[in-house]
Amino acid sequence: MTSPSLWRVIFIVVCAIVLLYLILPILIIVPMSFSGTRFLAFPPPSLSLRWYQEYVGSSAWMQATRVTLTVALATVALATPIGVAAAYAISRSRLKLMRAIHMILLLPLVVPIIITAVGIFFVYARIGLVATLSGLILANVMLGLPYVIISVVAGLQSFDETQEMVARSLGMNRWRSFFAVTLPQIRSSVIAGAIFAFISAVDETIIALFISGGQYQPLTKRMFTALRDEIDPTIAAISTLMTAVSFLLVLTASLGSGRRSDAGQGAANGALQQRRD
C-alpha cells in the first residue's frame, strides 16, 4: 500500500470513529425510549410505546411543548426578516463600520452561553421580563439571528449582483428588485437560516433555565427538571422526537436547496424578461 493510500485509510478510520462518537448517544437513547420498564435501561428488556403515550397524555408536557413551538415559530418569524435585512446590508455596504456591526451580530455564537444567560437574566430582572413568553422569544431571536445572517451572507456572496442592478436599471426600485430578483435566488439560504434558528430555539436550555418559569417553561427546562428529580423514560421519548424533527428539517433543507436554486433562477429571469417587455 502506497503512503497516500495509507493516509487516506487512516483519515477515513478517524472520521468514522469521530462520527460514531457523535451519534453514539442517539443510538442509545432511541432504543431506550421504546423500553417497557419503569426506569431507563439499555438494552431495553421489552419494547413498548408506553412513554410516548405518557408524553402525549400529560398536560404538563403538552403545555411545555406548546411553549416551545410558540417560541420557536415566533423566533423564526422575527429572526428571519431581521437577519435577511442585516445580511443584505452587510454584503452590499462598503463601510468599515459594517464589519464591526457584522461581528457584533455574531457575538451570540462566540460568547459562552452561560455568560449570555446571566446577562439576559439581570437585564430581564430589571425590566420585568423574567418568566414571560415575550422574554423567551426575544432571547431566542438574539441567539437565532447569527444563523440567519451567516446563511444569507453566504448565499449573497454566490449571487451575481449585476442581475439586481439590471433590474433597477429597467425601472425597479431597490425594494422590488430585491423581492423579484435577489430573494428567489437566495431563498434556499434564507430557508436554511430559518431552519437553524428554529432548531436553536427548540434546543436552547441554558437561557431557559435562567429566565423561564411558571406556565412558560419550554420542553428543555422541564426535561432538565425531570432529570434532576427522577430519571423518567419519558425524557428519552421526547429526546428521540426532538432529534427526529431536527434531522428531518435539516434533511429537507439539504434536499430542496438545489431545486429551489434552479426555481429561483428561473423566477428571477422571468421577472427581468417581464420587465423588459
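The structure displayed is predicted, hence computed values, not measured ones.
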Checklist entry - About how many Å separate CH2 of W61 and OG1 of T234, when rounded to the nearest 0.5 Å? => result 7.0 Å

Next on the checklist: Given 3.5 Å as the limit, does a donor-acceptor pair link the side chain of S58 with the main chain of E54, or not?
Outcome noted: no

Item to check | Expected output: side-chain S91 to main-chain L156 donor-acceptor under 3.5 Å | outcome: no

Item to check | Test item: S151 side-chain N/O and S189 main-chain N/O as donor-acceptor pair under 3.5 Å | outcome: yes

Checklist entry - Is atom CZ of F198 surrounded by more than 12 heavy atoms (other residues, nucleotides or ligands) closer than 6.0 Å? => result yes

Checklist entry - Roughly how far, to the nearest 0.5 Å, is CD of Q217 from CG of L209? => result 9.5 Å

Next on the checklist: What's the separation between atom CD1 in I90 and atom CD in Q157, rounded to the nearest 0.5 Å?
Outcome noted: 10.5 Å

Next on the checklist: To the nearest 0.5 Å, what is the distance between CD1 on I199 and OG1 on T243?
Outcome noted: 10.5 Å

Show which side-chain atoms of residues 12-33 pair as donor or acceptor with protein atoms under 3.5 Å away, not counting sequence neighbours.
| residue | atom | partner | partner atom | Å |
| --- | --- | --- | --- | --- |
| S33 | OG | V30 | O | 2.6 |
| S33 | OG | Y52 | OH | 2.8 |
| S33 | OG | T240 | OG1 | 3.4 |

Next on the checklist: side chain to side chain contact (heavy atoms under 4.5 Å, CB included), that's the test. Do Y147 and S200 meet it? Break it down for me.
Outcome noted: CA-CA 9 Å; Y147 295 105; S200 171; 3.8 Å; yes

Checklist entry - Does a donor on one side chain sit under 3.5 Å from an acceptor on the other, for R66 and Q63? => result yes

Item to check | Residue pair W51, I238: steps toward the side chain to side chain contact (heavy atoms under 4.5 Å, CB included) verdict | outcome: CA-CA 9 Å; W51 304 112; I238 299 173; over 6 Å; no

Checklist entry - How far does CD1 of I206 sit from CZ of F224, to the nearest 0.5 angstrom? => result 7.5 Å

Checklist entry - Counting distance only, does the side-chain N/O of T220 pair as donor-acceptor with the main-chain N or O of E204 below 3.5 Å? => result yes

Item to check | Validation row: P233, R50 side chains within 4.5 angstrom (heavy atoms) | outcome: no

Next on the checklist: Nearest 0.5 angstrom please: M62 CE to Y55 OH, how far?
Outcome noted: 4.0 Å

Under 3.5 Å donor-acceptor pairs involving side-chain atoms of residues 118-144, not counting sequence neighbours:
| residue | atom | partner | partner atom | Å |
| --- | --- | --- | --- | --- |
| Y124 | OH | G135 | O | 2.8 |
| Y124 | OH | A139 | N | 3.4 |
| T132 | OG1 | L129 | O | 2.6 |
| T132 | OG1 | G135 | N | 3.1 |
| N140 | ND2 | L136 | O | 2.8 |

Would you tabulate the side-chain donor-acceptor contacts of residues 95-109 under 3.5 Å, counting partners in other chains and residues two or more places apart, or write 'none'?
none

